[in-house]
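Quick notes on the structure that follows.
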Amino acid sequence: MEVIICPDYDTLSRKAAAVVADLVREKPRAVLGFATGSSPVGLYRELIRLHTEEGLDFSGVTTFNLDEYCGLPGDHPQSYRYFMNENLFNHINVPMERTHVPSGTEEDWRACCAEYEQRIVEAGGIDLQILGIGSDGHIAFNEPGSSLGSRTRRVYLTKQTIEDNSRFFDRAEDVPTSAISMGVGSILEARTCVVVVNGANKAEALAAAVEGPVTSMITSSALQWHPDTRGFCDEEAAAKLTMREYYDWIAAQREGDN
Ligand code: GLP
């Protein structure tokens, strides 16, 4: 995994958004994978700015989101569909019918998950997947112990994740206890992954993801198997990386190459 350490959250958001923007300019019909949570909000803000101020055109793009809470309809303010509409889709010119978020309200969730995977295949696969990391190192909702070959399915959330995500709900008991989530195996099929990580509470998870052993206990560590993953982090999130000097040295070499 390539590690790009940025001085602050704004810089990492801008740099990560630039990777998305470059792809959309080069491939107007790109298939983008999006994530929720607070980490990618700055990246989405920058994409909105690039659209409104610089005319970045999303009209040919198709999108797939990683996950959705079970039991929350898309118009629920804490649903991930609502989050995406509010934080990105309503502010750019992507056709809403080409934005996909798993449904958390289908009774036959197995069929629904299989169909979601099928739609990704029919769209030509995900060109670029945006990811955040949970404080326990998970990607999407692939909690510790998830198979590294897992596909889109229903998952039960850990107490830690429920507690972390309770900040978005009025009461902790309102946080859904399960979700529909793309699997680690599904995510690894994206051609490029862009991971955004900020804040001191992610420092341990990031170090484990990048420098620890590949293990289902830290599902983000599976990205070490991915051929093109770029991790953008701020100084606080980078604090526990042991190879810090080497990452900085690589970054300096790259600047020299350009
Ligand atoms: C949830 C989401 C993940 C996200 C994680 C971290 O668990 N399913 O996709 O990466 O939260 O969220 P945040 O960026 O708010 O720390």
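We count ligands from 1, going down the list as the structure has it; atoms in each ligand are counted the same way. Predicted model, so just to flag it, every value in this text is computed and none were measured. Counting from 1, the numbers follow the sequence of the chain as shown.
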What do we get for [X] next to ligand 1 when only non-hydrogen atoms under 4.0 Å count, side chain, backbone, both or neither?
X    : value
D67  : side chain
Y80  : side chain
M182 : neither
L131 : neither

Atoms of ligand 1 close to [X] [distance to a heavy atom under 4.0 angstrom, numbered from 1]:
X    : result
F141 : 1 (C), 7 (O), 8 (N)
N165 : 1 (C), 7 (O)
K202 : 13 (P), 14 (O), 16 (O)
A140 : 2 (C), 3 (C), 7 (O), 8 (N), 9 (O)

- Query: Stepwise, does the salt bridge (Lys or Arg N to Asp or Glu O under 4.0 Å) test hold for D228 with R230?
  - Reply: CA-CA 7 Å; D228 183 18; R230 299 171 218 177; 3.2 Å; yes
Under 3.5 Å, which donor-acceptor pairs link side chains of residues 29-45 to any protein atom two or more places apart or in another chain?
unit_1	atom_1	unit_2	atom_2	d
S38	OG	R167	NH2	3.0
Y44	OH	A35	N	3.0
Y44	OH	A35	O	2.6

of all protein heavy atoms, closest to atom 5 (C) of ligand 1 is H138 NE2, 3.9 Å
**Prompt:** Does R14 pair with E46 as a salt bridge, N-O distance under 4.0 Å?
**Reply:** no
By side-chain contact (heavy atoms from CB on, under 4.5 Å), H51 pairs with (sequence neighbours left out) F58, I92, N93
Q: Take the angle between the ring planes of H76 and F169 and call it parallel below 30°, perpendicular above 60°, tilted in between.
A: tilted
More than 12 heavy atoms from other groups under 6.0 Å of CD on E245
no
